[in-house]
Student: 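After the structure tokens below, expect a handful of questions from me.
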Amino acid sequence: QLQVVESGGGLVQPGGSLRVSCTASGFTLDDYSIGWFRQVPGKQRVGVGCISITDGSAYFADSVKGRFTLSRDNAKNAVYLEMDDLKPEDTAVYYCAADAATWYRSKAMCVMLPAASESAYWGQGTQVTVSS
């Protein structure tokens, strides 16, 4: 079965750090464009950070730029979202998506994938709560 699974969410204090993980089964993540998205109740899912295998450069939303980074561990077939200097407004369910479609720009993937995700594998999400 082809799927991705997120893990590593939790409760963290403002200013703290957290790393959430995305692992895949049934396929190799290194062959896919990867995106991290987040969603709060009543709002649309939005892109946080994405990297297209065509573009090669990572894109981050302005709200997280300089605080969040993406990394891969091909040996573990995993990708990570490293989050530093967390703020209460970062509280959300975080989703990983792996997409085989061609995205010429990582930013386009982050902006458009939630509404055009027929080819993507989505995980079930992991809750991140930033609170004192």
Side-chain angles (χ1 to χ4, degrees):
Q1 185 176 3
L2 306 180
Q3 64 177 0
V4 296
V5 178
E6 303 93 340
S7 61
L11 174 65
V12 61
Q13 292 187 340
S17 298
L18 197 65
R19 187 180 78 167
V20 290
S21 305
C22 174
T23 56
S25 58
F27 65 101
T28 303
L29 279 175
D30 196 33
D31 295 334
Y32 286 69
S33 297
I34 301 297
W36 282 96
F37 301 79
R38 66 187 183 187
Q39 189 170 23
V40 297
K43 294 197 173 181
Q44 292 184 331
R45 194 169 299 185
V46 296
V48 172
C50 298
I51 182 163
S52 156
I53 57 175
T54 303
D55 185 337
S57 298
Y59 163 83
F60 294 94
D62 287 344
S63 59
V64 305
K65 197 173 296 182
R67 300 188 295 121
F68 289 14
T69 57
L70 292 171
S71 62
R72 291 180 184 262
D73 185 337
N74 292 334
K76 295 183 177 180
N77 201 22
V79 296
Y80 306 101
L81 180 68
E82 309 264 3
M83 303 181 288
D84 296 320
D85 190 22
L86 282 161
K87 306 176 186 298
E89 52 264 39
D90 295 318
T91 296
V93 178
Y94 283 72
Y95 297 89
C96 170
D99 195 10
T102 300
W103 294 97
Y104 290 104
R105 293 290 182 264
S106 297
K107 179 178 180 178
M109 181 182 181
C110 260
V111 172
M112 298 173 63
L113 187 62
S117 60
E118 291 84 1
S119 61
Y121 297 103
W122 289 89
Q124 82 291 344
T126 185
Q127 176 71 46
V128 173
T129 302
V130 185
S131 175
S132 55

Student: Output yes when a side-chain donor or acceptor of Gln3 lies under 3.5 Å from a complementary backbone atom of Tyr121, and no otherwise.
Tutor: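 It does not hold such a pair.
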Student: Looking only at heavy atoms, what is the nearest atom pair of Val128 and Met83, with distance?
Tutor: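 Where Val128 meets Met83 most closely, the heavy atoms are CG2-CE, 4.0 Å.
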Student: Count I, L, V, M, F, W, Y as connected when their side-chain heavy atoms are under 4.5 Å apart, and connections chain through other members. Are Val48 and Val12 then in the same cluster?
Tutor: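 Yes; tracing contacts between hydrophobic side chains, which count when under 4.5 Å, links both residues.
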Student: Strictly distance-based, threshold 3.5 Å: is any side-chain N or O of Gln39 a donor or acceptor partner for the main-chain N or O of Ala92?
Tutor: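 Between the backbone of Ala92 and the side chain of Gln39 there is no qualifying donor-acceptor contact (under 3.5 Å).
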Student: Minimum heavy-atom separation for Tyr104 and Asp55, please, with both atom names.
Tutor: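 In this case the closest contact between Tyr104 and Asp55 is O-CB, 3.5 Å.
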Student: How close do Cys50 and Phe37 get, counting heavy atoms only, and between which atoms?
Tutor: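 Shortest heavy-atom contact: SG-CZ, 3.9 Å.
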Student: Looking at Ile51 and Met109, what are the two nearest heavy atoms and their distance?
Tutor: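 Heavy-atom minimum between the residues: O-SD, 4.5 Å.
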Student: What's the shortest heavy-atom distance between Ser131 and Pro14, and which atoms?
Tutor: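 Between these two residues, the closest heavy atoms are C-CD, 3.6 Å.
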Student: Please tell me whether Leu70 and Leu86 are part of a single hydrophobic cluster in this structure, the criterion being side-chain heavy atoms less than 4.5 Å apart.
Tutor: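 In one cluster with Leu70: Leu86, yes.
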Student: Measure from the side-chain N and O atoms of Ser106 to the backbone N and O of Ala58, and report whether any donor-acceptor pair falls under 3.5 Å.
Tutor: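 Not at all, since once roles are kept as given, no pair shorter than 3.5 Å links the two residues.
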Student: In a table with atom names and distances, give each donor-acceptor pair under 3.5 Å that connects a side chain of residues 15-34 to protein atoms at least two apart or in another chain.
Tutor:
{"from": "Ser17", "atom 1": "OG", "to": "Asp84", "atom 2": "OD1", "distance (Å)": "2.8"}
{"from": "Ser33", "atom 1": "OG", "to": "Ile53", "atom 2": "N", "distance (Å)": "3.1"}

Student: Within the supplied structure, the quantity of interest is the number of heavy atoms (other residues, nucleotides, ligands) at a distance under 6.0 Å from Arg105 CZ; does it exceed 12?
Tutor: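 Not more than 12 within 6.0 Å, no.
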Student: Distance check, rounded to the nearest 0.5 Å: Ser52 atom OG versus Lys107 atom NZ?
Tutor: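 The distance works out to 14.5 Å.
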Student: When you group the ILVMFWY residues by side-chain heavy-atom contacts below 4.5 Å and let the links chain together, are Val130 and Tyr94 in the same group?
Tutor: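 Cluster IDs for Tyr94 and Val130 match.
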Student: Hey, quick one: are Val79 and Leu113 part of the same hydrophobic cluster, counting side-chain heavy atoms closer than 4.5 Å, chains of contacts allowed?
Tutor: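 Cluster IDs for Val79 and Leu113 differ.
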Student: In Å and rounded to the nearest 0.5 Å, what is the CE to CH2 distance from Met112 to Trp103?
Tutor: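 Spacing of CE (Met112) from CH2 (Trp103) equals 5.0 Å.
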Student: Show the nearest heavy-atom pair for residues Val4 and Cys96, with the distance to one decimal.
Tutor: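 What the structure gives for the nearest pair is CG2-O, 3.9 Å.
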Student: Find the distance between CG (Leu81) and CZ (Phe60) and round it off to the nearest 0.5 Å.
Tutor: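 Nearest 0.5 Å value for the CG-CZ distance: 7.0 Å.
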Student: Can you list every pair that meets salt bridge (charged side-chain N to carboxylate O under 4.0 Å, His left out) and has a residue in residues 35-47, with sequence neighbours left out?
Tutor: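 Salt bridge (charged side-chain N to carboxylate O under 4.0 Å, His left out) check on residues 35-47 returns Arg38-Asp90.
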Student: Show your working on side-chain contact (heavy atoms from CB on, under 4.5 Å) between Thr91 and Gln127 and close with a plain yes or no.
Tutor: CA-CA 8 Å; Thr91 296; Gln127 176 71 46; 3.9 Å; yes
Student: Hey, do the aromatic rings of Trp36 and Phe68 have their centres closer than 6.0 Å?
Tutor: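 Centroid separation for Trp36 and Phe68: 6.0 Å or greater.
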